[in-house]
Amino acid sequence: MAAFKKRWFWVVLAIAFSALLVAGFFYLIPVPPGKETELARQTMAIARDHKAETYAKDRFLEAGLYYDSAMTTWKNENKRFIILRDYSAVIRLLEISAQKSQEAIMATRSSVADLEKISKSRIHALNGILNDINVTFSRFPLSSQIRTEIARGKLLLSEAQVAFKNKHFLVADKKLNEAEKLLNNAYANANQLIREYFENQKQWQKWMEQTIAESKQKNISVIIVDKFASKCYVYKNGKQIAGFSAELGKNWVGDKRQRGDNATPEGRYKITQKKEGRATIYYKALLINYPNDEDKQRFQSEITNGSLHRNAHIGGLIEIHGHGGKGADWTEGCVALTDSDMDKLYKMVSVGTPVTIIGSIANLDEILRN
């Protein structure tokens with residue numbers, strides 16, 4: 001009986017020792033960095049949701065590289081004997097990965113806020129340019145290239161505004177870059193054209209002053225056509241007594257050079273004939289003496305110097321006539337008024353009434369300022 005108890009004692013002792021050894025063995029096994037891995041994954045996922053791949057690319061790539069390094073180090077540690085594994089390097093890499101992801105999130109938030117602010121400002125500026133173009137150049141016969149640039153720029157700006165509204169700021173930024181190039185280029189070229197046109201301002205002013213002075217001295221009615229303002233004014237005794245909206249030649253900017261150029265001439269003329277009924281196809285009409293002597297001399301000079309083809313013709317039959325009110329410049333060089341305005345003008349003038357056609361009464365600074 002004593003021997004049996006003694007034997008069981010050693011059995012129990014052996015079991016207890018084995019249990020202690022097993023417990024000690026598992027105690028010595030390092031715990032895999034599961035929590036750190038999950039944290040790094042979650043932080044990277046949040047960064048990806050914030051579009052850090054786009055707005056904070058460098059930091060986001062760093063976070064990914066540190067995470068991949070952690071996984072590689074972990075895999076290599078798992079090749080070692082279980083109780084000899086050391087996950088401290090893995091944990092450090094995962095912590096750095098999480099930190100880089102967090103930095104990417106913060107940088108993205110800052111970048112998005114900055115981009116939103118900048119894009120908003122650029123949209124406002126480009127809408128300002130478009131408004132200036134619409135106000136200043138809506139009637140100005142710009143080249144097809146400039147008109148195409150304006151149309152494309154306007155479309156891109158519209159698309160950028162939609163992208164901005166939907167918070168797709170990078171898309172908006174890209175479209176704004178393209179719109180800026182087109183609209184700025186078109187605006188610069190259009191400004192150059194209008195400045196070149198207004199180089200004749202002093203001559204226009206001189207013609208206008210001479211015409212108004214003649215009206216005052218002779219106490220007669222005179223007509224002044226302001227092409228840029230699309231106006232036909234009547235002065236009597238040096239004072240304006242009437243003003244009508246006018247429509248001009250399709251290519252009204254600049255002086256008329258030859259037949260078929262659709263330009264409205266500039267200079268001092270006189271009414272040579274009043275037409276109505278079957279005498280005109282335009283309800284009523286006032287024929288002027290274009291080309292005058294100055295027009296003929298200039299035309300011949302251009303033929304001589306080669307700036308006009310030797311087979312060119314000077315043209316004629318320029319009138320102030322009815323059938324206007326179309327809301328666009330459409331004539332072949334004439335000045336068109338509505339029929340009701342033509343009735344009024346027709347009564348105010350007679351054969352011999354001076355007609356002065358100029359580019360603009362207002363100077364360019366006044367026009368651009370308004």
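FYI, side chains are in, hydrogens and waters are out, and symmetry mates aren't considered; it's all heavy atoms of this structure.
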Indicate, with yes or no, if I46 and F60 share a hydrophobic cluster defined by side-chain heavy-atom contacts under 4.5 Å among Ile, Leu, Val, Met, Phe, Trp and Tyr.
-> no
Is a side-chain donor-acceptor pair under 3.5 Å present for R109 with Y55?
-> no
Between K117 and D114, is there a side-chain N and carboxylate O pair less than 4.0 Å apart?
-> no
Counting only N and O atoms by type, is there a donor-acceptor contact under 3.5 Å from the side chain of S215 to the main-chain atoms of S221?
-> no
When you look at CD of E53, are more than 12 heavy atoms from neighbouring residues, nucleotides or ligands closer to it than 6.0 Å?
-> yes
So, are R122 and D173 salt-bridged, with charged N and O less than 4.0 Å apart?
-> yes
Test item: E266 and W207 side chains (from C-beta on) under 4.5 Å apart, heavy atoms | yes
What about I357 and M342, same hydrophobic cluster or not, with Ile/Leu/Val/Met/Phe/Trp/Tyr joined at side-chain heavy-atom distances under 4.5 Å?
-> yes
R257 with E302: basic N within carboxylate O range, under 4.0 Å | yes
Contact check, side chains of M208 and I361, non-hydrogen atoms, under 4.5 Å | yes
Regarding E196 and Q192, is there a side-chain donor-to-acceptor distance under 3.5 Å anywhere?
-> yes
Are Y197 and F228 close enough that their ring centres sit under 6.0 Å apart?
-> no
For the side chain of R85 and the backbone of R80, is there at least one donor-acceptor N/O pair under 3.5 Å apart?
-> yes
At what distance, to the nearest 0.5 angstrom, does CD1 of I224 lie from CD of E209?
-> 10.0 Å
Heavy atoms from other residues, nucleotides or ligands near NZ of K274 exceed 12 (cutoff 6.0 Å) = yes
Mind running salt bridge (Lys or Arg N to Asp or Glu O under 4.0 Å) on E103 and K100 for me, showing each step along the way?
-> CA-CA 5 Å; E103 290 175 3; K100 293 295 179 182; 3.8 Å; yes
Is it the case that T43 and S101 place a side-chain donor and acceptor less than 3.5 Å from each other?
-> no
Considering residues, nucleotides and ligands other than D293, do more than 12 of their heavy atoms fall under 6.0 Å from its CG?
-> no
Are there more than 12 heavy atoms of other residues, nucleotides or ligands under 6.0 Å from atom CE of M106?
-> no
Which residues pass the side-chain contact (heavy atoms from CB on, under 4.5 Å) test with I220, sequence neighbours left out?
-> E214, K218, V222, P354
Count the heavy atoms of every other residue, nucleotide or ligand shown that sit under 6.0 Å from CD of E332, and state whether that count exceeds 12.
-> no
Just grab all the side-chain hydrogen bond (donor to acceptor under 3.5 Å, both in side chains) pairs involving residues 147-157, residues at least two apart or on different chains.
-> E149-N185
Counting only heavy atoms not in K236, do more than 12 sit closer than 6.0 Å to its NZ atom?
-> no
Determine, using the 4.5 Å side-chain heavy-atom cutoff (strictly less than), whether W252 and Y282 are members of one ILVMFWY cluster.
-> no
Under 4.0 Å between a Lys/Arg side-chain N and an Asp/Glu carboxylate O for R59 and E62?
-> no
Is there a chain of hydrophobic side chains (I, L, V, M, F, W, Y, each step under 4.5 Å between heavy atoms) that links I320 to V351?
-> no
For D339 and H323, indicate whether the former's side chain and the latter's backbone hold a donor-acceptor pair under 3.5 Å.
-> yes
CZ (F137) with more than 12 external heavy atoms under 6.0 Å | yes
Any side-chain heavy atom of Q205 sitting closer than 4.5 Å to one from I358?
-> no
Verify the cluster assignment for I150 and L156: are they in a single hydrophobic cluster under the rule of side-chain heavy atoms below 4.5 Å apart?
-> no
Full working for salt bridge (Lys or Arg N to Asp or Glu O under 4.0 Å) between K181 and E178 = CA-CA 5 Å; K181 291 178 184 177; E178 297 177 52; over 6 Å; no
CD (Q145) with more than 12 external heavy atoms under 6.0 Å = no
Exam field: side chain E276 to backbone K284, donor-acceptor pair closer than 3.5 Å = no
